[in-house]
Q: 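The structure is given below, and queries will be raised subsequently.
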Amino acid sequence: LQSGNISITSLGNITLGENGGIGAGIYTTGDVSLTANGFGSSILEQPASRILAGTLSTASSTGTLLYGANQVAGFNASNTMSGDIVLNDVAPDLSVGSVWNAAPGGAVIIGNTGGIDVTGFVSTANGGDLTLAAGGDLLIGSPANGASVVGGMDSGNTGNMALSGANIGIFGGSASYGTYVALNGSGTQLVTTPGDLTLQGGEGTGNGVTLAANHSATQTVTAGGAIVATAGGNSSGMPSVSANSVVLTGGGGASGMNNSAAIMTSPASSASQQVTVGSGGLVMQGGTGSGSGNKAGIWVLDDYSTNHG
């Protein structure tokens, strides 16, 4: 396998086709960039084809569909006019940076047989569904960096969101301000793991973790193991929760404030709330320190506005 980066730019479509079950391939130990930047251009990889590379970056106007048994360690993508962004990967771990589908109704679907680590901004436009499916652990954000996963950016959107992994970890950053993690959806939102779901806020200011269903969206969070929410710079909201055990711990440190860990619905939400806890039990522990609002609790509808901070 040769080293070096590969860059392909076309004013038309880019196609990795197949014939009689034999596909095309792009192979390098370096990075690959595919850009179909003509009006109405797309990128299509048929199932028998394959890309093996370090980081794969794509840009298209009418969709990027990568159906082969790809093996890439990193992925960035953008799409503008219509169509979906789809990546099938079989790497041990996949780092997802910036993935933005601006096409109305266009989906983002990323699957990997190994783990997925989201380090940047992943989003769809109005009506676009968003799916992240990891065979290994799904990690979003890190102690050093914030991240966002947003199903539908425009007002009135109806994009659905589905997140799954062996375990799911969502982490706020540790910088002084604003390295938060936000997972927002205005359609049906499903977060599912047979293992543990960990929501860990960062320290400083505005470095929280939010798992939220907007407006009257339906949200279901299911963990076969534990759900552990530890506040840092903000709180964690989950309207419908099922787990063997749930632990909610407020943050704050010595002087921090408004660092709540909660299962809640936001003010003016019409969503219902249900919490189901197995034999592992439910633990709620307020934060320490002299600052105010370092609470742990379960809040319903507008109660959040009166109990937070």
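As a basis for the values below, the full set of heavy atoms in this structure was taken, side chains included, without hydrogen atoms, waters or symmetry mates.
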Q: Between I110 and V86, is any pair of side-chain heavy atoms under 4.5 Å apart?
A: no
Q: Any sub-3.5 Å donor-acceptor pair from S245's side-chain atoms to G281's backbone N or O?
A: no
Q: Any heavy-atom pair between the side chains of S279 and N244 that's under 4.5 Å?
A: yes
Q: Can you find a pair of side-chain heavy atoms, one from V221 and one from L197, that are under 4.5 Å apart?
A: yes
Q: For the residue pair V96 and I116, establish whether any side-chain heavy-atom pair is separated by less than 4.5 Å.
A: yes
Q: Applying side-chain contact (heavy atoms from CB on, under 4.5 Å) between L56 and each of L66, T64, D31, D89, report the one that passes.
A: L66
Q: Taking N101 for its side chain and A103 for its backbone only, find out whether a donor-acceptor pair lies under 3.5 Å.
A: yes
Q: Any link between I51 and L65 through a network of hydrophobic side chains (Ile, Leu, Val, Met, Phe, Trp, Tyr) touching at under 4.5 Å?
A: no
Q: Tell me whether T15 contacts the main-chain N or O of G17 through its side chain, where contact means a donor paired with an acceptor under 3.5 Å.
A: no
Q: Counting N and O atoms only, with roles assigned by atom type, does the side chain of N88 sit under 3.5 Å from a partner on the main chain of G68, one being a donor and the other an acceptor?
A: yes
Q: Can a donor-acceptor pair be found, under 3.5 Å and without considering hydrogens, that links the side chain of S61 to the backbone of G40?
A: yes
Q: Side chain to side chain contact (heavy atoms under 4.5 Å, CB included) for L94 and L87? Distances and angles first, verdict last.
A: CA-CA 11 Å; L94 172 65; L87 172 67; 3.9 Å; yes
Q: What's the shortest heavy-atom distance between S49 and A24, and which atoms?
A: OG-N, 2.9 Å
Q: For the residue pair D84 and A107, what are the closest heavy atoms and their distance?
A: OD1-N, 2.9 Å
Q: Please report the shortest heavy-atom distance between A125 and A102, naming the atom on each side.
A: CB-O, 3.6 Å
Q: If the test is side-chain contact (heavy atoms from CB on, under 4.5 Å), which one of I43, N76, T35 qualifies with T58?
A: I43
Q: Could you tell me which non-hydrogen atom of V99 sits nearest to which non-hydrogen atom of F75, and how far apart they are?
A: CG2-CD2, 4.1 Å
Q: In Å and rounded to the nearest 0.5 Å, what is the CG to CG distance from N112 to L132?
A: 11.0 Å
Q: Any chain of hydrophobic side-chain contacts (each under 4.5 Å) joining Y27 to V90?
A: no
Q: Using 0.5 Å steps for rounding, measure from the CZ atom of F121 to the OG atom of S98.
A: 8.0 Å
Q: With a 3.5 Å distance limit and no angle check, can you tell me whether T124 reaches the backbone of V108 through a side-chain donor-acceptor pair?
A: no
Q: Go through the steps to decide whether S60 and N79 satisfy the test side chain to side chain donor-acceptor pair (under 3.5 Å), and finish with yes or no.
A: CA-CA 5 Å; S60 58; N79 185 60; 2.8 Å; yes
Q: Does the pair L163 and L138 meet the rule for a side chain to side chain contact (heavy atoms under 4.5 Å, CB included), with working shown?
A: CA-CA 8 Å; L163 308 176; L138 172 60; 3.9 Å; yes
Q: Using side-chain heavy atoms (C-beta onward) and a distance below 4.5 Å, is Y67 in contact with L44?
A: yes
Q: Is a donor on one side and an acceptor on the other found under 3.5 Å between the side chain of Q71 and the backbone of A91?
A: no
Q: What's the spacing between L190 CG and N160 CG if we round to 0.5 Å?
A: 8.0 Å
Q: Do T198 and N167 touch side chain to side chain, with heavy atoms closer than 4.5 Å?
A: no
Q: Taking the side chain as every heavy atom from C-beta outward, state whether I6 and I26 have any atom pair closer than 4.5 Å.
A: yes
Q: Return the minimal non-hydrogen interatomic distance between V32 and A53, and the atom names on each side.
A: CG2-CB, 3.5 Å
Q: Looking at side-chain heavy atoms only, is the closest gap between L52 and V72 below 4.5 Å?
A: no
Q: Going through the checks in order, is the side chain to side chain donor-acceptor pair (under 3.5 Å) test met by E45 and N70?
A: CA-CA 10 Å; E45 176 199 50; N70 302 294; 2.9 Å; yes
Q: Provide the closest heavy-atom pair for A36 versus S42 in the form atom of the first, atom of the second, distance.
A: CB-O, 3.7 Å
Q: Do I14 and M81 share a hydrophobic cluster, counting only Ile, Leu, Val, Met, Phe, Trp and Tyr and linking them when any side-chain heavy atoms are less than 4.5 Å apart?
A: no
Q: Under the 3.5 angstrom rule, does the side chain of R50 hit a backbone N or O of G25 as a donor-acceptor pair?
A: no
